[in-house]
Number of protein chains: 2
Amino acid sequence: MEKFIMPNQTEIEKVGNLFKIIGDSTRLKLIFLLLEKPKTVSELCQTSGCSQSLVSHQLKILKDNYIVSSSKQGNFVTYFLIDEHISILLNICRTHINEKEN
Amino acid sequence: MEKFIMPNQTEIEKVGNLFKIIGDSTRLKLIFLLLEKPKTVSELCQTSGCSQSLVSHQLKILKDNYIVSSSKQGNFVTYFLIDEHISILLNICRTHINEKEN
DNA sequence: TGACAATATGAACAACAATTCATATACTAA
DNA sequence: TTAGTATATGAATTGTTGTTCATATTGTCA
């Protein structure tokens, strides 16, 4: 049990925003794909089955929220997850789901 | 580092849904208030500053998603968090935010 | 340079979700 | 039973967000 400190409204909104970002199937799929290993936009399009435009739009949102970063080699842009918190969050969430639902 | 297993579409949607539930400021505020200790609807209205109707609506969503439960004594209904996963999720998220933003 | 490939982006649309308002239900106490 | 309190809920509205479409940008290689 961690010590609990009630966050102020600003922090509540930041936390809420992070969960909102992850709380979308398309973005979450991209995150899971990147969890395996870094990938280019076109690889993400293929493996996710989403359109190129949609993938780019959602990657931008993930990037603006410090969840992924990218590097460019020629025409290709490779995206990767920035840190491990996301991975931990996802694992806890999956545990929660498996316990609470059928 | 945890072992990684790519989830299927169904699991992705479940995980996404859970994050979506938490990813709303009003619900998150209620969760934080309940993290301190169980509270009645009217207590939640007072401490959150939200209308009674809004609080009830959002509590229903939290309940439908197995995040809170409730018990009734007379006219009053006390809500409480079901398990500790939420608390862990929130702490990780707060850590993430403090590291990545100013 | 010109043609092509990979990615990004603005605008429009459609779907969805949060909030409010009015009212219903359930319970208590007189 | 009646009045009053706590909570729940349906419908309407408003705001937000995901997705698509068309097009722009950036880089490669003949």
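Within every chain, numbering begins at 1; the chains are lettered A, B, ... in the order of the sequence lines, protein sequences first and strands thereafter.
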Colleague: Round to the nearest Å and state the distance from Q46(A) atom CD to dA6(C) atom C1'.
Modeller: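 It works out to 12 Å between those atoms.
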Colleague: Does the N65(B) side chain pair with the main chain of I67(B), one donor and one acceptor, at a distance under 3.5 Å?
Modeller: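 No, the answer is negative, given that no donor and acceptor are paired below the 3.5 Å cut-off.
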Colleague: In whole Å, what is the span from the CG atom of L44(B) to the C1' atom of dA8(D)?
Modeller: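 Result: 15 Å.
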Colleague: Determine yes or no for a side-chain-to-main-chain donor-acceptor pair under 3.5 angstrom, with R27(B) supplying the side chain and I22(B) the backbone.
Modeller: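 No, the answer is negative, given that no donor and acceptor are paired below the 3.5 Å cut-off.
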Colleague: How close or far is atom P of dA5(C) from atom CZ of F76(A), stated in whole angstroms?
Modeller: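 It works out to 11 Å between those atoms.
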Colleague: So, does Y79(A) get its side chain near the phosphate of dA6(C), meaning an N or O under 4.0 Å from OP1 or OP2?
Modeller: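 For dA6(C), neither OP1 nor OP2 has a side-chain N or O of Y79(A) closer than 4.0 Å.
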Colleague: Rounded to the Å, how far apart are I22(A) CD1 and dT17(D) P?
Modeller: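 Distance, rounded to whole Å: 15 Å.
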Colleague: NA contact type, S56(A), heavy-atom cut-off 4.0 Å: base, sugar-phosphate, or nothing?
Modeller: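 Base contact.
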Colleague: Donor-acceptor check, side chain of E43(A) to backbone of T40(A), threshold 3.5 angstrom: yes or no?
Modeller: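 Here the side-chain-to-backbone pair exists.
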Colleague: Taking side-chain contact (heavy atoms from CB on, under 4.5 Å) as the definition, give me every residue that meets it alongside C50(B), ordered by chain and number, with sequence neighbours left out.
Modeller: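 Here the qualifying residues are T26(B), S48(B), L54(B), V55(B).
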Colleague: Please report, rounded to the nearest Å, how far the C1' atom of dA18(C) is from the CG atom of D64(B).
Modeller: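 One finds 16 Å between C1' of dA18(C) and CG of D64(B), rounded.
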Colleague: OP1, OP2 of dT20(D) versus side-chain N and O of S51(A): anything below 4.0 Å?
Modeller: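 The answer is yes; a side-chain N or O of S51(A) sits under 4.0 Å from OP1 or OP2.
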Colleague: Please give, in whole Å, the distance from dG10(D) P to I61(B) CD1?
Modeller: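 Interatomic distance, CD1 of I61(B) to P of dG10(D): 13 Å.
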Colleague: Heavy atoms, side chains only, cut-off 4.5 Å: are V15(B) and E11(B) in contact?
Modeller: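 The answer is yes, as the side chains (C-beta and beyond) meet within the 4.5 Å cut-off.
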Colleague: Any side-chain to backbone donor/acceptor pair from K39(B) onto Y79(B)? Under 3.5 Å, distance only.
Modeller: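 Between the backbone of Y79(B) and the side chain of K39(B) there is no qualifying donor-acceptor contact (under 3.5 Å).
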Colleague: Which parts of nucleotides 21-30 of chain C does protein reach within less than 4.0 Å, heavy atoms only, written one letter per nucleotide 5' to 3' as B for base, S for sugar-phosphate only and - for none?
Modeller: BB---BBS--
Colleague: With I92(B) as reference, evaluate L90(B), I88(B), L89(B), T95(B) under the side chain to side chain contact (heavy atoms under 4.5 Å, CB included) test and give the passing residue.
Modeller: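 Answer to the side chain to side chain contact (heavy atoms under 4.5 Å, CB included) test with I92(B) among L90(B), I88(B), L89(B), T95(B): I88(B).
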Colleague: Could you work out which one of dT9(D), dA18(C), dG18(D) sits closest to the side chain of Q58(B)?
Modeller: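 It is dA18(C).
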Colleague: Whole angstroms only, please: what is the CG-C1' distance between D24(A) and dC16(C)?
Modeller: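 Taking CG of D24(A) and C1' of dC16(C), I get 12 Å after rounding.
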Colleague: If you measure from CD1 on I31(A) to CG on L35(A), what distance do you get to the nearest 0.5 Å?
Modeller: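 The distance works out to 8.5 Å.
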Colleague: In residues 25-39 of chain B, which residues come under 4.0 Å of DNA chain C by heavy atom?
Modeller: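 Within residues 25-39 of chain B, the residues near DNA chain C are T26(B), R27(B).
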Colleague: Could you give the CG-to-P distance, from L62(B) to dT9(D), as a whole number of Å?
Modeller: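 Atom CG in L62(B) sits about 14 Å away from atom P in dT9(D).
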Colleague: So do I61(B) and D24(B) actually touch side chain to side chain, heavy atoms under 4.5 Å?
Modeller: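 In short, these two side chains do not touch, never coming nearer than 4.5 Å.
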